[in-house]
Amino acid sequence: MALVQSFHRVRALRHRSVSDGPDVREPSAGSARQRRPVESSPTYDPLADFDQEILAFLRDSGLVSDDLKLEVPKRPEHGERAVNVFALAKRQGRNPNELASAIAGSFSADEGGAPKGAGLQGVGQDRFIESVEAVTGFVNFRLRYPTFIPHVIESIRGAGNTYGRRQGTRSRVVVEHSSVNPNKEWHIGHVRNAVLGDTVTRVLRLSGDEVEVQNYIDDTGLQAATSVYALLNFPEPEKEGEKYDHYVGRLYVKISQEFAEEDRLQEQRASMLLDDERSDDDPELQRIDARLQNIQQRLQPGTVRVMHEIEAGQHSDIINMVLKSQLQTPFRLRVYYDLLNWESHLVRSHLFKSAMDLVEKSPHSGHPKDGRYEGAFVIYTGGTTSEGEEKAEVLVRSNGIPTYVGKDIAYHMWKLHLLPDPLSYVAYLEQPNGAILWSTSLHGEKRPPVAPDRVINIIAVHQSQAQEAVKQGLQAAGFETEAEKLFHLAYGMVRTKEGLISGRKGTAAAGDDVIQGAVDAALERIREKQSQDLDEDEMKQIAEAVGVAAVRYFMVQYNPLREIVFDPADVVSFDGNTGLYVQYALVRMYAILRKAAEAGIADAEVDAADASLLQHEQERRLAFHLVKWPETVSTVSRTLGVNLIAEWAFDLATIFSEFYRDCGVLNAEPGLRESRLLLVRTVRDALVHACDTLGMPVIERL
RNA sequence: GCCCCCGUAGCUCAGCAGGAUAGAGCAACCGCCUUCUAAGCGGUUGGCCGUGGGUUCGAGUCCCGCCGGGGGCACCA
C-alpha cells in the first residue's frame, strides 16, 4: 500500500521534474503558481502570514505532497523558518539533499517578490520570503524584513489586547484551582496552585476561550471541622494584627498535634504495660491514659460532631470569616475567581444521591453480594484484580458512607452538567478588580445549564490516581465523551530544603509571609538605590508591584509537573531570570517614551514613522520574537505549560536589552528616531500584554 | 510488590509534536556607566542530557530494562 502510494508520488513528481535543479527555472513552474489568496480577514498573526507564503510556495513547487511542519531554526544563519525533508525524501526514495535543493531551486525571488518598501499590496505574493536555501536536508527560509517589520508593527497595533487570540471557535472551559481547605492560612504550595490556575485562565481567555474559574470550598471536611472545634472550645487571644486565617490556623496546628500524638501515646502505653515493674496506678501511665482519653473521648467525637453540624449548615459564620481572610492572599496576587462551590451545598442539595441514581442505571455499576466489595455500591472499571475479581471502584461503602471518589464523581457530574443543577447562585463579594465573586447557594437564582467543553483541575500530583479514578468511573457509568473533557493539571509539590511542607505540622511557609518578604526586600532595594525622585507612596506602590511580580514569576517559570525546591532567597532575588528583569525592561521602554514626549516628539509623528527603516540586527530580532507570541499562546493553551509564557517575556526583555545597548533611540537621526520609537512602543505594548497574561503588575519607573 | 511523575553545567531550571553545533539564570573570574535608569550589557570557566539496550536517515525527546529522588497504591479525605 505504502509502496503504491509512493510510486504514484514519484510518477507525479517526474512530470514536474522541470524544477529539479537549482539552476532550472522553467517558466511553467512559475506560472503554475496560482496563489490562493489567504483569508482577507486580519489574523494578526504575522508569522502565520509568513508561513502561509511558505506553504503556498511548497505546494506550488509541486515537489511536496504532504504538509510539512515548519520549524524555527536554532541558528540564525539558517533563516527564520525551515522545513526538513528527510521523511519526505525517504518516502519518495530520493536523496534528502537533492530534494531540498530541488525545492529551494524552484523559488525565484524576482517573480513574486515585491520590491523593497512596496507596501502591502498583493497579500499572498512573496512579500515576506527573501530567499530559500537548501542545506543538508533542510530548506531554509529567510524573512524579508523591510516588508515584514512594518507588517508586524501594524498587526500588533491592530490586534491590541487580542494579540495572540486564535482563529476559530470559542470553547467553554471550567478551571478549578486553589480549593484550599477553609481552616488555616495559605502556604506556599497553595500559592503555586493559584498562580498556575490563574495564569492558565488568563492564557485561555486570551486565546479566546470562555473560562469560568471555580474555587471548591471543602467546608465539610475534617480539617475545617477541626479548626472550628478548636476555635469554639480552646480559643486563645489573637495576636496583635494577626490575620484571622493565621489565628485559626494556629489553633488548628495545636489541636492537630494532639491527634498526631495519639499513636505515639498508644505505643508508649503498650510498652509500659509490658513492663512488669510498673503497676496500674503508675502515675506516668495514668497521665498517658488521661491524655488518650481526652483525645479519644473529647477531641475526636467533638470534631466529628462539629463536622456534622457544618454539614447541617451551622458555623458558616466562622468558615466565612476564615475564607474571606484567606482570599486576601490570592487577591493580593491578582488572582480572582468566578464561583465558590461549597461542598456543604453539594451535600445538602442531595446532588450525591441523584448522581448515584444515575450511575445506578449503568450496567457497569452494582452491589456485590459477596467478595471483598460485599455490601458496597461499586462501579466496575474493567479488568480483574490479582484475586480474580472484577476491578471496581467503591462509590458508597457498605456502611452507607460515600467514598471520596464517589463524591468526586458526583461533583464532576455536576461540573459537566450531566444532571439537573439543584443549586442556586448568589453574589458573595466584590473582588478588588471589581468583579463579583459568586457562590453556590441553596436558595436564590438559578442559572441556565451550560455544559463546558473542557474541565481543567489544578490539583497537586499526589491526587493523580484519584483524578484518574474519577475519569474511569465516569467512563464506566457511560459518560465516555464527557469524561474525555476532564483534564488534570498535576503540578509538583513545593518543598523546602528541609523537606516536604506540611500544613498540619505547621511547617509550611505561609503564602502571606513569602509575599510580604518579597515586597519588603523590594522596598529595601528601592530605598538603597534612590535612582529616581520617588516619594514614600510611590516607593511602596512600586515595591508591592515588584514583590507580587516576583512571586508570580517564580511560580510560573518552572514546568508545572516539576517539583519546586523553594528557597525564599530565590523569590527575593532580583537578578537575572526573574519578574523584575521583565519589569525593568519595561521601565526602560517607558523612560524612552516619556523622554521622547518631553522632547516634543508627537505621537502622530511616531504613528507615521517608516518602520521599514528598522533593519538593525537587534531590531529584526525584536520583530521576529514578537511574532512568536501567537504560537506560544496556542501551545500553552493546549499543553498548559505556562512556563513558556514567562520564557517568551524573558526572552523579549533580553533582546530588548541588547537593542537598548546597540541602538540609541532618542539620539538617532530624525526619521530613524521615530521609527525606533514606534518599535519601542510596540515592544512595550506586547510585553505589557504578556505581563497581563502572567498576572504581573507593570511598573513605569523604578 | 504494583502504578504515576522527575533525573540535563557546581546550584536552580528551559528544551513546546524526534531534526542542524543541547540553552538560560545563579554562583566564580575578567571587563563596560561624560551617552535613553548598570536591578543592565559583554566575555571566560563549566555537559558521556542517571545508566544499559532498542526503534529511526536522525534520540535529551519515543519504547524496554536497571539505578536514584518524590508521590500514590485501603470500603481514608
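Basis for what follows: all heavy atoms, side chains included, without hydrogens, waters or symmetry-related copies. Chain naming here is simple, since letters A, B, ... match the order of the sequence lines and numbering starts at 1 in each.
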For [N], the Watson-Crick or wobble counterpart (both distances under 3.5 Å):
{"N": "G7(B)", "answer": "C67(B)"}
{"N": "G58(B)", "answer": "none"}
{"N": "C13(B)", "answer": "G23(B)"}
{"N": "G47(B)", "answer": "none"}
{"N": "U35(B)", "answer": "none"}
{"N": "G1(B)", "answer": "C73(B)"}
{"N": "G42(B)", "answer": "C30(B)"}

| Quick check, are the ring centers of Phe377(A) and Tyr373(A) under 6.0 angstrom apart? |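 For Phe377(A) and Tyr373(A), the ring centres are not under 6.0 Å apart.
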
Nearest-nucleotide pick for [X], side chain only, options being [options]:
{"X": "Leu702(A)", "options": "U37(B), A24(B), A14(B)", "answer": "U37(B)"}
{"X": "Tyr660(A)", "options": "U37(B), G19(B), A14(B)", "answer": "U37(B)"}
{"X": "Pro73(A)", "options": "G40(B), G25(B), A20(B)", "answer": "A20(B)"}
{"X": "Lys595(A)", "options": "G19(B), C36(B), G72(B)", "answer": "C36(B)"}
{"X": "Tyr584(A)", "options": "U21(B), A39(B), G19(B)", "answer": "A39(B)"}
{"X": "Asn643(A)", "options": "G70(B), G15(B), G40(B)", "answer": "G15(B)"}
{"X": "Arg701(A)", "options": "U37(B), C6(B), G15(B)", "answer": "U37(B)"}
{"X": "Leu561(A)", "options": "G71(B), G70(B), C6(B)", "answer": "C6(B)"}

Expressed in angstrom and rounded to an integer, what is the separation of [X] atom [atom1] from [N] atom [atom2]?
{"X": "Arg75(A)", "N": "U21(B)", "atom1": "CZ", "atom2": "C1'", "answer": "5 Å"}
{"X": "Ile601(A)", "N": "C36(B)", "atom1": "CD1", "atom2": "C1'", "answer": "11 Å"}
{"X": "Asn577(A)", "N": "G40(B)", "atom1": "CG", "atom2": "C1'", "answer": "15 Å"}
{"X": "Glu393(A)", "N": "A74(B)", "atom1": "CD", "atom2": "C1'", "answer": "11 Å"}
{"X": "Glu631(A)", "N": "C16(B)", "atom1": "CD", "atom2": "P", "answer": "13 Å"}
{"X": "Leu644(A)", "N": "A24(B)", "atom1": "CG", "atom2": "P", "answer": "17 Å"}
{"X": "Asn84(A)", "N": "U61(B)", "atom1": "CG", "atom2": "P", "answer": "18 Å"}
{"X": "Glu658(A)", "N": "A24(B)", "atom1": "CD", "atom2": "C1'", "answer": "12 Å"}

| Taking atom CG of Asn667(A) as the centre, does the number of heavy atoms from other residues, nucleotides or ligands within less than 6.0 Å exceed 12? |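 Correct, the count exceeds 12.
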
| query | Is any side-chain nitrogen or oxygen of Arg562(A) closer than 4.0 Å to OP1 or OP2 of G70(B)? | reply |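 Indeed not, no polar side-chain atom of Arg562(A) lies that close.
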
| task | State whether a side-chain donor-acceptor pair under 3.5 Å links Glu133(A) with Asn140(A). | result |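 The criterion, which ignores hydrogens and geometry beyond distance, is not satisfied for Asn140(A) and Glu133(A).
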
| Geometric cation-pi criterion, Arg81(A) with Phe141(A): 6.0 Å, 45° |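 Cation-pi check for Arg81(A) and Phe141(A): fails.
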
With distance as the sole criterion, do the side chain of [X] and the base of [N] form a donor-acceptor contact below 3.5 Å?
{"X": "Asn140(A)", "N": "A20(B)", "answer": "yes"}
{"X": "Arg638(A)", "N": "A17(B)", "answer": "yes"}
{"X": "Ser657(A)", "N": "C41(B)", "answer": "no"}

| task | Scan Glu563(A) against the nucleic acid and name what it touches under 4.0 Å (heavy atoms): base, sugar-phosphate only, or nothing. | result |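 Sugar-phosphate, backbone atoms only, no base.
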
| task | For Pro560(A), report the nucleic acid contact type (base, sugar-phosphate, nothing); a contact means any heavy atom under 4.0 Å. | result |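 No contact.
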
| message | Measuring only the C1' atom in each nucleotide, how far is G54(B) from U61(B)? A whole number of Å is fine. | response |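 Pairwise C1' distance, G54(B) against U61(B), rounds to 15 Å.
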
| Going by 5.5 Å between centroids and 30° between planes, is there a stack of His78(A) over A20(B)? |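 Whether judged by distance or by angle, His78(A) passes, so it stacks on the base of A20(B).
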
| task | Please answer whether G19(B) and Phe138(A) are stacked, defined here as ring centres separated by less than 5.5 Å and planes angled under 30°. | result |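 So no, this residue does not stack on that base, at least one cut-off failing.
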
